[in-house]
**Student:** 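Below are the structure tokens for one structure; questions will follow.
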Amino acid sequence: MTVTVIADAVIAGLLLLGGGFALIGSWGLAKLPSLMSRLHGPTKATTLGVGSCLVASVVYFPVHGGVWTAHELLITLFLFITAPISANLIAKAYLHGCHTAPGEQSMMAEGMPDAAENGADWATFGYDDAEEDPLSVPTGAGGKDPSA
Amino acid sequence: MKRLLPHPGLTAMLLLIWMLMLNSFSMGGLLLGAFFAVLIPVYTAAFWPDRPAMRWELPLLRFVLLVIRDIIVANFHVARLILFRRNRDLRPGWLAIPLELHSAEAITLLAGTISLTPGTVSVDISTDGRHLLVHALDVADVNAEIAHIKARYERRLLEIFR
Amino acid sequence: MSALIAAPVLLPAFAATLSLLFRRRRRWIGAGVSIGATALLLAIDLVLLGQAATGEIGIYALGDWPAPFGIVLVLDRLAAMMLVLTAALALAVSIHATLTSLDRRGWHFHPLFQFQLLGLNGAFLTGDLFNLFVFFEVLLIASYGLLLHGQGARRLTAGVQYVIVNLVGSTLFLIALGLLYGVTGTLNMADMAVRASALPIGDQGLFRAGGLLLTAVFALKAALLPLHLWLPRAYSGTAPAVAALFAIMTKVGAYAIIRTGPLIFAGAAGRYMIPAALGTMILGFAGFLAARHLRVMTAFGLIGSTAILLVAVAVFQERAMAAALYYLPHTTLAAAFLFLVTDLLIRWRGTEGDAIVVTPGYRGQQVLAALFFAGGIALAGLPPLSGFIGKLLILQATLSSSWWPAIWAAILITSLVAVIGFARAGSTLFWKSSGDAPPSPGTSGARALPLKEAAPAGFLLALMVLLTVAAGPVTAYMEAASHQIFDVADYARAVLPPASGVGS
Amino acid sequence: MHLILLALLPFLGAGWLALSPRASRDVHAGIAVAHVVAALGLLIFIAPGVLGGAPDALRLPWVPALGLDLSLRLDGLGLLFAALILGIGLLIVIYARFYLSPRDPMGKFLSLLLLFQGAMLGISLSGNILLLLVFWELTSLSSFLLIGFRSDTADGRQGARMALAVTGGGGLALIGGLLMLGHIAGSYELADVLLRGDIVRASPLYPAALLLILLGCFTKSAQFPFHFWLPHAMAAPTPVSAYLHSATMVKAGVFLLARLWPVLSGSDWWFYLVGTTGLVTMVVGAAIALFKNDLKAILAYSTVSQLGLMTMLFGFGTPAAALAGIFHLLNHSLFKAALFMNAGIVDHEAGTRDIRLLGGLARLMPITTALGTIAAASMAGLPPFGGFLSKEMMLEETVHTAWLGTHWFVPALAVIGAALSVGYSLRFIVHLYFGPRRDSYPAAPHDPPLGLWAPSAVLVALTLLVGLFPAVLTGWLVVPAAADITGGTASGFHPALWHGVTPALVMSVTAVAAGVVLLWRYAPLLRAWAALPLFEAKPVFQAGIERLVRAARWLSDTVHDGSLQRQLALLFLLAVAIGVEGIWYGGYSAGTRELLPAPPIAIIAWSLLMAATAAVALVPRQRFVTLIYISVIGLVVSLAFIHLSAPDLALTQISVETVTILLLLLALNLLPKQPVQLSSNPERVRNLVLGVAGGVTSGLAAWAVMTREPRNPISSFHWANSYSGGGGTNVVNVTLVDFRAFDTFGEIIVLGIAALTIFALLQPAARGVSGQRLRAWIADLPRSPERHPMMFAVAARLLLPLALMVGLYVFLRGHNAPGGGFIAGLIVSIALLMQYMASGFEWADQRRQIDEHALIGFGVIIAALTGVGSLVFGAPLFTSAFGYVSWPIVGKFELATAMLFDIGVALAVIGAVMLALAELSHIAQRAQKEPVEDDGPMDIDPAKLRGARP
Amino acid sequence: MIAAALIIAMGCIALAMLLNLFRLFRGPTPADRILALDTLVINSIAFIILIGIQQTTTTYFEAALLLAMVGFVGTAAYCKFLLRGDVVE
Amino acid sequence: MSIEFLVATAIGALTAGGIYLCLRARTFPVVLGLAMLSYAINLFLFAMGRLVVGKPPIYAKGVAVYTDPLPQALVLTAIVISFGMTALALVLALRTFLETGTDQVDGTPDPDLLDRENRT
């Protein structure tokens, strides 16, 4: 009985936490000023939000469903593997867009990153002065959203 | 043996995942899972040609627990930033973290950890593979932050990936 | 009933996969498998025809699930006739394609060809509406592949339209199916026929809409006005041999209308189909007269003659249906024959492709002229080929329709237009040029023995002659088939087991 | 049986000739003559019985459903006609042997001639009006080939086409008419039809049927206003003209009038239509003939005129007139064939047929002149030749005929016509044979060899004999024929050169006198004629045809303008209209099903979907962004499936969605990235209206069904039998692999074919135009230098085995829980594709270790074999079997054949998806100008970089 | 208690989705939209879990699992497209 | 507001959007339109089994309330088929664009094209 109550409390708490974090993450997504900042919301807050829900579910089913499930753990694993990569790729895409459409840089409070210490470029926009310049295509709007 | 079990760690992990998915224990399920867990790495070995030497025991577990703890903390931290900090008061910035790690797997793990933990997202790697570009949502002192990351995560990873 | 009923579906599946797996081996294996399987298919279909001719409706419950619940294959006279027609046509086309090396002008000709047959046969055999959809898709997607075989800008642009229009058609098919299932709760045609008769009045509107929509989709395949616009470009754009096979494709639409109309929808669509078919006829033969290229001409001829068929179908009466059924193989064979002749023209003439222009003489011109003349007679419905009998049957049978003056006028006038068109084209293609010097060795006339390439076309011609000579037995068969089509109760009795728990 | 042989003989000859193209001219002629003689002999053999009043008949069933039987019937009329066809045919064959030049393909010519003869004979022998139709159309077709025999001349081609168009068109009308006739009479058997004249004439359909039949007859017999094709058919070689326009082709129309006389005549309709047409034709044809200069044209128009005469006689509707008509038919055949041959001889020997260049041939070609003069005199109706007798009879009949109450009209016109015919006949004689000799002719005229003139000599002799001894020579033939026409009551046949001074004689003398005057005053008349505003029919006809073609082109090009939009718009419009129609006529009542309340989150998901939909459709943005919106739609739809208890659907939707997006992205790379504004505003409005209409209709339809109770769907059976009969608890999966495995079988084939087609489409893309375009292609997006980001590549390595494991799991549980072969196949494909994305095409392609074609093939084969396998156990195809097996350590588990089937599904899916996507990415590969150096799975591999720079 | 928490959590997720929608349409860069979509997918996973808890069924978890995997592939593909134009090269 | 209403309107909206896109003059939007239409159709077909919340078609003894599994099976088949078709249409559109240099589908008069092709 008490176990159930405690479990219920834990579940409820986790659920609230999960919902809350999901909301906060998305709130950050909506509110924060530039993409680089927005990226932080989903990668962390939302992931944890989902994670909380998943844990809640892990606790819930043995108690209420009579089954023990571990799929949630698997989902969490997947999310934890993929979320940083997604963030990484989105950031790269964004930086690439900014790099090729200089007008967008102004929106970044942090500006474009400097080159690394030893002079090597970042992978996303290296070869700036290389002869084989992939940016030679005379278009300014390619990666840019016209609505911006 | 190497042909049959190209990735023993992977095999173990797959078997674990299989049993997790099955939700119930049965001998048949275990055998089937073991069969798959052996089979799949054999097939995918070609896609993972040079795997790094890695310690699968305590340091990794410790690292994982640390990261989980940090994730939870970080979330509250970021939540606070999102909710209570005005946009213009945020101090976003770039961190170029010099790397001591060699292998792609290790660097990826580091980068993933960074992304999942406090207010930082790893963004890019330098063309010579020696620096990791990280974006921080709110950073007061860039160098201190870099040092913190290196000490907290990279050092531990160096232990795991020898 | 024996598992032979399923053979027309399974045999092409095996043949297709075999020739797919052997694609890297010698080419002739693929071709041999394909032709051999088609010949075998024809033999099997003839056996099935023999079974169906007894009047017994053959039922084959796949997976041993009884009728409305599982999928059943139904072999009645109509289905057997379509099967035989398809196999005969396919045999000619596959041999033609192999003889003319069409199958080497791109990838996967024979697998696609066999899959096409699979789709066709499945569509003719199935007694389940959704399964019909699936086989429609099989035959459509295989037809896309065949249509694009060999490629080229024109073929591709035509292909885009063909594919997209048919995709939208499939979409509508699904909507119609959904509605019908939603209202009647069944997918089996016989069961649906039984249930439809017991439908409350409040549901009948939805049922009617579903049925009409389904008919519209079939009409799209059958190229009925205003849904025929895709056909001319598609058929004239593709390789003529492929177009020859596609002559059966419009008949699949017609078949589906014939099958579902009397069974389920009680011919509700007839009142719209007759004017539409008349319009199609006029447009088809106008295009026929207007064409500047032989394959465009044939494509329009196909539209027009299919429209004649559909007029008779749209009357939804037993006699008219029998007439339509007789005309169906004829128009298929005639159009296919003419497409094959077009292909020979393109190959033998060596210049100007199939454009209706004057070219220097070439070897085989006389043979080609004779074949073309026969094709013209066939498509225009003149004696001594079967089209004439078919047309007479249709004219005679449509007298009972209130539309008969319009039908008669349309059929007779378009026949005249067809005659004029053929005379024009033929005199340009074969008469104007024949006075020129004999072929120089450099042209295709020098090729050794091109005459054997005409064998498949000759086979089709022979079939038409057979259809004429044996018109008596054939029409008797068709009358029986038509009777069977309209005997809904008999069909339902045969398909549905006596004690079907949920049926109705 | 004789009749069959008789009907077949010409065809046999034609076939023999066609199959022996290399034989010599004499052999060809011999074959032809042999067949005609044989037929003629057979006819003579049969004749006595027929003439004795017992028509020979034979009936074999052919198409009972149609009423078309192989019914042959030889009565007096048929016998007369057949005798003409065969007799003159024989002469023509002989004549042709000597007429045709060695360069002409004799075999082909005679073959066609015999074909035509067979068709004509068929008309005369048909005992079934539909069979008659068959032969009728055959004459049109074979005459088309004969007229166009000189296909190297424009005249020949045009003449042939015109003849075909007119007579073929008439033939089609005849089809209608005869079908109607048979319908009214209740039989298509000639013998039955002939007895039912009263029924027919009383029918409301009678005028229509009559009109159609007459159209057929008039076009064939070149009656005004359809007369114009006949002169142009003269482009044919002269033997053809001689045959077609004397005894056969054009007589077919008259023959049919005679044949159907008992049924159709006897009404005002008949009289005014047929009689008047014939009368007008007679006069008009004769007038034109008078002023023609080409010998064959003169003869052609005279034929028109004479045919008009016969038509008129049949039109009078009296037995006596019919008798006169049939008698004239005989006479005309004799003299006209002779005249044509004569004209041919002149053409052959003098080198021209222009009467203005000829004249004075009497000395040069005495035999020809003699024969021609006699034949022409017969044509003019001069005694003592056959033509005189029949013309007398005609004039006699006109006297008794009142036209719209006037008694003078018909006789007057008849006299005019007769006068004109005397005029042109005399002109033919005088201007051609007599008169001054020319200084020069295009060739040196002389009498031809015997073979050329003998045939016409036979005819001329006959026409003379008929004139002298009409009753003896022709009575036995004409009287039974006339009796057959009128139904057994032939009026007295008393042809004689002298009847005393009858009105006919007066008229005849008047006509001859007038004819002489016409010739005497020919020059001023010609000027007057030339001044008349007459038009040539041929240009008008051709302009008409051209206009028809132009109209057809306009119509066809306008309708089939190749616009996809139009087609789709019509399709959608039709669908909407059908929805409205169905409800309107079908009946509708609102549903009673209890509705489900919508939770807030459903509403929010819904608004997500609506917004994304609107954005996709209405917001013109980058195509790339549109894809993101599509993803949102897919996501929401998946969520809806989950919420509405359809986990299998959700799984499928999610995975298919991803693969689709991948495909779209791959394709978009090479397509234009920005939408180009092409639609005009009205089009946008049209699209919007159609879209909204379609949306409303489909939405309402869905609503209508969802709100009513289901009607005992068959799926309750599936639910009940899923576990017990199918061995699985996931009813959806059991349905897919068991209840409706056949659907699934088709479905994987569809997928396989799609992949094969994609492969076949993209394989040759690197060649030709598209290859050039590919090589010239410049990436239109700025590109980051890094191809394969490190982190992605590393993660993909880890995810691949995981995903494969998940795929296997989903596959295995499919039978009992959401999942199954299809979804598993997609998961595996996606996992592999992830490798492609992360590490590059080349790199991954080398490592995939699967052959997609084989996968597709094996997938289909496994599925099919599973289906067939059940046969071995005596169960129907695709019957599933399952059982629970207990193994010692392993424990109890289920084995089901359905699972085997599912393996086939999974393999086919993997093969198809991989093949399609790999090919598509491969094509983009070829567009890269930079050579792809395949070094590793990631661009920046720190370990390697450090190794290189220690 | 759980029921109430569920409702609140679901409400939160719903709100979060709306916010994602806002970002999805607002942009401004394509990367923003991809991020919004990615977040939407993650929120959907949470939503599916919540439905599972609400209905006390594990039937839908595979969908969530698949979504986690496949959502990533989608995001990666979009980003790859922006970076290189070519998703597979 | 009922779920039925939401689904019906969603079907309507998807259909409308699909039709609107299909009527565009370029191949890419047309393919997108087809994709949207197929979403609409999938939902439609699915809805024909009536909507049920929380009763997945997993058989268990004694369960009397379940969602109609048959439409789901049909939709599955339909999804797969429409996926294959869409893929093919897309590739075809791409291939045509490469071959002809245009992705227009609003009917360009092409007798020249025909002649050119026939000559080659």
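In what follows, chains are A, B, ... by sequence order, proteins preceding strands, each numbered from 1.
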**Student:** Report the option among A/Leu29, A/Leu16, A/Ile75 that has the most heavy-atom pairs separated by less than 4.5 Å from atoms of chain E.
**Tutor:**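 Most heavy-atom pairs within the cutoff with chain E belong to A/Leu29.
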**Student:** Could you look at A/Ala9 and say if it's the side chain, the backbone, both or neither that has a heavy atom under 4.5 Å from chain E?
**Tutor:**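 Both backbone and side chain.
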**Student:** Just give me the residue among A/Gly13, A/Ser57, A/Ser52 that pairs up with chain E most often, heavy atom to heavy atom, under 4.5 Å.
**Tutor:**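 Going by pairs under 4.5 Å, I would pick A/Ser57.
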**Student:** Using non-hydrogen atoms and a 4.5 Å limit, figure out which bit of A/Leu32 sits close to chain E: side chain, backbone, both or neither.
**Tutor:**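 It is the backbone, since no side chain atom gets that close.
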**Student:** Under 4.5 Å, counting heavy-atom pairs only, tell me which of E/Leu40, E/Leu18, E/Asn43, E/Leu66 racks up the most with chain A.
**Tutor:**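 Most heavy-atom pairs within the cutoff with chain A belong to E/Asn43.
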**Student:** Taking C-beta and beyond as the side chain, do A/Leu89 and E/Tyr78 meet within less than 4.5 Å on heavy atoms?
**Tutor:**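 Contact flag for A/Leu89/E/Tyr78 side chains = no.
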**Student:** By a 4.5 Å heavy-atom criterion (distance strictly below it), what part of E/Ile49 contacts chain A: side chain, backbone, both, or neither?
**Tutor:**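 Looking at E/Ile49, just its side chain touches chain A.
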**Student:** Looking only at heavy atoms and a cut-off of under 4.5 Å, which of E/Thr75, E/Thr39, E/Ile8 has the most pairs with chain A?
**Tutor:**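 Ranked by heavy-atom pairs under 4.5 Å with chain A, first place is E/Thr39.
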**Student:** E/Leu35, E/Leu67, E/Leu6, E/Ile13: which one forms the most heavy-atom pairs within less than 4.5 Å of chain A?
**Tutor:**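 Highest number of heavy-atom pairs under 4.5 Å: E/Leu35.
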**Student:** What's the spacing between A/Ile85 CD1 and E/Cys79 SG if we round to 0.5 Å?
**Tutor:**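 Rounded to the nearest 0.5 Å, the CD1-SG separation comes out at 11.5 Å.
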**Student:** For E/Asn20, is it the side chain, the backbone, both, or neither that has a heavy atom closer than 4.5 Å to a heavy atom of chain A?
**Tutor:**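 Both parts, backbone and side chain.
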**Student:** Quick one: pull up CE in E/Met69 and CG in A/Leu74 and give me the separation to the nearest 0.5 Å.
**Tutor:**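 Between E/Met69 CE and A/Leu74 CG, I get 11.0 Å after rounding to 0.5 Å.
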**Student:** Considering only heavy atoms, which portion of E/Ile53 lies under 4.5 Å from any heavy atom of chain A: side chain, backbone, both, or neither?
**Tutor:**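 Both parts, backbone and side chain.
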**Student:** Quick one: closest heavy-atom pair of E/Arg23 and A/Lys31, and the distance?
**Tutor:**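 Between these two residues, the closest heavy atoms are NH2-N, 4.4 Å.
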**Student:** Looking only at heavy atoms and a cut-off of under 4.5 Å, which of E/Ala16, E/Ala14, E/Ala3 has the most pairs with chain A?
**Tutor:**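 The answer is E/Ala16.
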**Student:** Rounded to the nearest 0.5 Å, how far does CZ of E/Phe22 lie from CH2 of A/Trp27?
**Tutor:**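 Here the interatomic distance stands at 9.0 Å.
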**Student:** Non-hydrogen atoms of chain E under 4.5 Å away: do they reach the side chain of A/Leu39, the backbone, both or neither?
**Tutor:**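 Both the backbone and the side chain of A/Leu39 come within 4.5 Å of chain E.
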**Student:** Who wins among E/Leu65, E/Asp38, E/Ile45, E/Leu50 for the most heavy-atom pairs under 4.5 Å with chain A?
**Tutor:**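 That would be E/Leu65.
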**Student:** What distance do E/Asp32 atom CG and A/Ser34 atom OG have between them, rounded to the nearest 0.5 Å?
**Tutor:**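 The OG atom of A/Ser34 is 8.5 Å from CG of E/Asp32, to the nearest 0.5 Å.
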**Student:** Less than 4.5 Å to any heavy atom of chain A: does that hold for the side chain of E/Ala4, its backbone, both, or neither?
**Tutor:**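 Contact with chain A involves no heavy atom of E/Ala4 at all.
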**Student:** So which residue, A/Leu35, A/Leu79, A/Leu14, A/Ile11, ends up with the most heavy-atom pairs under 4.5 Å with chain E?
**Tutor:**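 Most heavy-atom pairs under 4.5 Å with chain E: A/Leu35.
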**Student:** Between the side chain of A/Tyr94 and the main-chain N/O of E/Ala31, is any donor-acceptor distance below 3.5 Å?
**Tutor:**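 Checking the backbone N and O of E/Ala31 against the side chain of A/Tyr94, no donor-acceptor pair under 3.5 Å is found.
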**Student:** Can you give me the closest heavy-atom contact between A/Ser86 and E/Phe72, atom names plus distance?
**Tutor:**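 Closest approach of A/Ser86 to E/Phe72, heavy atoms only: OG-CD1, 3.3 Å.
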**Student:** Taking the side chain as every heavy atom from C-beta outward, state whether A/Lys92 and E/Leu83 have any pair of such atoms under 4.5 Å apart.
**Tutor:**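 Result yes, sub-4.5 Å side-chain heavy-atom pair found.
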**Student:** In terms of heavy-atom pairs under 4.5 Å, which option from E/Leu19, E/Val73, E/Leu15 contacts chain A the most?
**Tutor:**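 Heavy-atom pairs under 4.5 Å are most numerous for E/Leu19.
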